[in-house]
Amino acid sequence: MGTAGKVIKCKAAVLWGVNQPFSIEEIEVAPPKAKEVRVKILATGICRTDDHIIKGSMVSTFPVIVGHEAVGVVESVGEGVTTVRPGDKVIPLFLPQCRECNACLNPEGNLCIRSDLTGRGVLADGTTRFTCKGKPVQHFMNTSTFTEYTVLDESSVAKVDGAAPPEKACLIGCGFSTGYGAAVKTAKVTPGSTCVVFGLGGVGLSVIMGCKAAGASRIIGIDINKDKFQKALAVGATECISPKDSTKPISEVLSDMTGNTVQYTFEVIGRLETMVDALSSCHMNYGTSVVVGAPPSAKMLTYDPMLLFTGRTWKGCVFGGWKSRDDVPKLVTEFLEKKFDLDQLITHTLPFNNINEGFELLYSGKS
């Protein structure tokens, strides 16, 4: 393309500080350096993890461009890039896969050493490619998709089928894959089992889809917002309940409902209290509880170790356990083969300039 090797001026939604709205700014995006890729973003999703930066519950340096769930097309590549080329349709990966570190080399591992979950805010060489009003702007989780153009390390880009519709396939970059994988890959839900999902946002709905695909016979959705029940039932939940409808602890309610047979629970909210609730709600001996929601930074959890001593398994789950560069293209192919339906997860489609409206819809529970 004619822009290769040149600085690109474009629009981006910049966060200048905690609890501030997004500001649509003109930024400058530098060309990719060695082993880097510059991508034109075609569509991006809004994820609660982006909001953790806005609210300050995840660490970040400001100004920053967040966003990590997108589809784009490669505009240009830096020296030494071999896995993608200009014109390729790609999904940015907030969880890289360098294919060299011990997590990447282990068949069970996926938390690549190049992951930026701690708010480092720069690319592999320690610098940023974004400038606004003469100031450097930080990257977010190796992706930064709330901009018309972004630069990523090659290990943070997966080439996908060119037929993938960007406004749907972008969900495979985070929300859908995280939830679906939590069920089928991390928990390894078994046919005929009973599953409980705490939190019925987009990721929670994706967990339900994964439980259903794995053959669970009973899938109970839990949320304090009953407006979410209809959608949860539509994607595969067999019933939904609100913790507010009983004075009993939710673990007792679930035990009574199921005859104490809950095998798998999933916490998809990111609250310390519900993490313990989910753990205590699965069977005390053979149950597995998976932490899917991103926990708040700098918070410590207190719980009764007897919950684990009796035999329960407590597992964490980053990006559904998928190896990003290997598995994201396969998930896109399965989507195109209609093995799952992403339409159910999309409530609104907005122009980029209306990004603040998108977050208001998230806060109100309407999206």
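Residue numbers run from 1 in the order of the sequence given.
A donor-acceptor contact under 3.5 angstrom links the side chains of T83 and E154, judged on distance only. Defined by atom type and a distance below 3.5 Å, a donor-acceptor pair is missing between the side-chain atoms of D153 and S155. A donor atom on one side chain and an acceptor atom on the other are found under 3.5 Å apart for Y264 and T190. Residues W322 and Q97 bring no donor and acceptor atom of their side chains to less than 3.5 Å of each other. Between the side chains of E75 and T3, at least one donor-acceptor pair of N or O atoms lies under 3.5 Å. Side-chain polar atoms of S281 and S251 form no donor-acceptor pair below 3.5 angstrom.
Shortest non-hydrogen contact noted between G287 and C282 is C-SG, 3.6 Å. In this structure, T186 and K315 approach most closely via the heavy-atom pair O-NZ, 3.0 Å. Residue G236 comes nearest to I219 through the heavy atom pair O-CD1, 3.6 Å, listed as atom of the first residue, atom of the second, then distance. What you find for C240 and A237 is that their closest heavy atoms are SG-CB, 4.2 Å. Nearest heavy atom pair, residue T194 against residue T261, reads CB-O, 3.7 Å. Scanning both residues, S289 and T265, for their nearest heavy atoms gives OG-OG1, 2.8 Å.
Other residues, nucleotides and ligands contribute more than 12 heavy atoms inside 6.0 Å of the CD atom of E273. The number of heavy-atom neighbours closer than 6.0 Å to NZ of K188, taken from other residues, nucleotides and ligands shown, is above 12. Atom CZ of R99 has more than 12 heavy atoms from other residues, nucleotides or ligands within 6.0 Å. Counted within 6.0 Å of CD1 on I113, heavy atoms from surrounding residues, nucleotides or ligands total 12 or fewer; the atom is thus considered open. In K231, the NZ atom is crowded: over 12 heavy atoms of neighbouring residues, nucleotides or ligands sit closer than 6.0 Å. Atom CE of M284 is surrounded by 12 or fewer heavy atoms from other residues, nucleotides or ligands within 6.0 Å.
Of the charged side-chain nitrogens involved, at least one lies within less than 4.0 Å of a carboxylate oxygen, so that K33 and D125 count as a salt-bridged pair. A salt bridge does not link E79 with K35: none of the charged nitrogens is closer than 4.0 Å to a carboxylate oxygen. A salt bridge between K248 and D256 is present, with a side-chain N of the basic residue lying under 4.0 Å from a carboxylate O of the acidic one. Between D223 and K228 there is no salt bridge, since none of the side-chain N atoms of the basic residue sits less than 4.0 Å from a carboxylate O of the acidic one. Using a cutoff of 4.0 Å between basic side-chain nitrogens and carboxylate oxygens, D245 and K226 are scored as salt-bridged.
Contact of the F22 side chain with the V66 side chain is registered, since non-hydrogen atoms from C-beta on lie closer than 4.5 Å. At least one side-chain heavy atom of K135 sits less than 4.5 Å from a side-chain heavy atom of W16. Proximity of P31 to R38: side-chain heavy atoms (C-beta onward) are separated by under 4.5 Å at one or more points. By the 4.5 Å heavy-atom criterion applied to side chains, I241 and L254 are counted as neighbours. Within the 4.5 Å cutoff, no side-chain heavy atoms of V59 are placed close to those of I53. Between K89 and P166, some side-chain heavy-atom pair lies under the 4.5 Å cut-off. With contacts defined as side-chain heavy-atom distances shorter than 4.5 Å, the pair Q263/R218 does not qualify. Taking the side chain as every heavy atom from C-beta outward, P243 and I222 approach each other to under 4.5 Å.
Put simply, SG on C10 and CD on E25 are 12.0 Å apart, with the number rounded to the nearest 0.5 Å. With values rounded to the nearest 0.5 angstrom, L307 atom CG is found 5.0 Å from L279 atom CG. For the atom pair D341 CG and K168 NZ, the distance stands at 7.5 Å (nearest 0.5 Å). Separating the NE2 atom in H348 from the CD1 atom in I46 is a distance of 10.5 Å, to the nearest 0.5 Å.
Of the possible polar contacts, none joining the N106 side chain to the A103 backbone as a donor-acceptor pair under 3.5 Å is found. In this structure a side-chain-to-backbone donor-acceptor pair under 3.5 Å is missing from D326 to K323. A donor-acceptor pair is defined here as one N or O able to donate and one able to accept, closer than 3.5 Å; no such pair exists between the side chain of S156 and the backbone of L152. With hydrogens and angles disregarded, a donor-acceptor distance shorter than 3.5 Å links the side chain of N285 to the backbone of T310. Between the E267 side chain and the R271 main chain, a donor and an acceptor come within less than 3.5 Å of each other. K159 places no side-chain N or O within donor-acceptor distance of the main-chain N or O of D88, the cut-off being under 3.5 Å.
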| For I91 and V157, what are the C-alpha separation, side-chain angles and deciding distance, and is it a side-chain contact (heavy atoms from CB on, under 4.5 Å)? | CA-CA 6 Å; I91 288 183; V157 181; over 6 Å; no
| message | Does L93 form a side-chain contact (heavy atoms from CB on, under 4.5 Å) with R325? I'd like the steps, not just the answer. | response | CA-CA 8 Å; L93 306 170; R325 279 209 281 177; 3.4 Å; yes
| task | Take T150 and I41 through the test side-chain contact (heavy atoms from CB on, under 4.5 Å) and record every step on the way to the result. | result | CA-CA 7 Å; T150 189; I41 299 295; 3.9 Å; yes
| Stepwise side-chain contact (heavy atoms from CB on, under 4.5 Å) test for V74 and V77 | CA-CA 7 Å; V74 175; V77 300; 3.7 Å; yes
For residues 357-367, tabulate all N or O donor-acceptor pairs below 3.5 Å that involve a side-chain atom, not counting sequence neighbours.
{"unit_1": "E357", "atom_1": "OE1", "unit_2": "N354", "atom_2": "ND2", "d": "3.2"}
{"unit_1": "Y363", "atom_1": "OH", "unit_2": "D51", "atom_2": "OD1", "d": "2.6"}
{"unit_1": "Y363", "atom_1": "OH", "unit_2": "K55", "atom_2": "NZ", "d": "3.2"}
{"unit_1": "S364", "atom_1": "OG", "unit_2": "E360", "atom_2": "O", "d": "3.3"}
{"unit_1": "S364", "atom_1": "OG", "unit_2": "L361", "atom_2": "O", "d": "3.0"}
{"unit_1": "S364", "atom_1": "OG", "unit_2": "K366", "atom_2": "N", "d": "3.4"}
{"unit_1": "S367", "atom_1": "OG", "unit_2": "L362", "atom_2": "N", "d": "3.3"}

Would you be so kind as to tabulate the donor-acceptor pairs closer than 3.5 Å made by side chains of residues 172-184, with sequence neighbours excluded?
{"unit_1": "S177", "atom_1": "OG", "unit_2": "I172", "atom_2": "O", "d": "2.6"}
{"unit_1": "T178", "atom_1": "OG1", "unit_2": "C174", "atom_2": "O", "d": "2.8"}

Show me the donor-acceptor pairs within less than 3.5 Å that the side chains of residues 138-148 make with the rest of the protein, sequence neighbours left out.
{"unit_1": "Q138", "atom_1": "NE2", "unit_2": "G121", "atom_2": "O", "d": "3.3"}
{"unit_1": "H139", "atom_1": "NE2", "unit_2": "T128", "atom_2": "OG1", "d": "3.2"}
{"unit_1": "H139", "atom_1": "NE2", "unit_2": "R129", "atom_2": "N", "d": "2.9"}
{"unit_1": "N142", "atom_1": "ND2", "unit_2": "R114", "atom_2": "O", "d": "3.3"}
{"unit_1": "T143", "atom_1": "OG1", "unit_2": "G67", "atom_2": "O", "d": "3.1"}
{"unit_1": "T143", "atom_1": "OG1", "unit_2": "F140", "atom_2": "O", "d": "3.0"}
{"unit_1": "S144", "atom_1": "OG", "unit_2": "I65", "atom_2": "O", "d": "2.7"}
{"unit_1": "S144", "atom_1": "OG", "unit_2": "F140", "atom_2": "N", "d": "2.9"}
{"unit_1": "T145", "atom_1": "OG1", "unit_2": "T44", "atom_2": "OG1", "d": "2.9"}
{"unit_1": "T145", "atom_1": "OG1", "unit_2": "G67", "atom_2": "O", "d": "3.3"}
{"unit_1": "T145", "atom_1": "OG1", "unit_2": "H68", "atom_2": "N", "d": "3.1"}
{"unit_1": "T147", "atom_1": "OG1", "unit_2": "Y149", "atom_2": "N", "d": "3.3"}
{"unit_1": "T147", "atom_1": "OG1", "unit_2": "Y149", "atom_2": "O", "d": "2.8"}
{"unit_1": "E148", "atom_1": "OE1", "unit_2": "K11", "atom_2": "N", "d": "2.7"}

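A single hydrophobic cluster is not seen to contain both Y286 and V290; linkage of ILVMFWY side chains at heavy-atom distances under 4.5 Å, directly or through other members, places them apart. By the rule that hydrophobic residues join a cluster once side-chain heavy atoms approach within less than 4.5 Å of another member, F198 and I224 end up as members of separate clusters.
Tested against V84 for a side chain to side chain contact (heavy atoms under 4.5 Å, CB included), the candidates V39, V73, V90 yield a single pass: V90.
Within the 6.0 Å centre-distance limit, the rings of W314 and Y303 are counted as a close aromatic pair.
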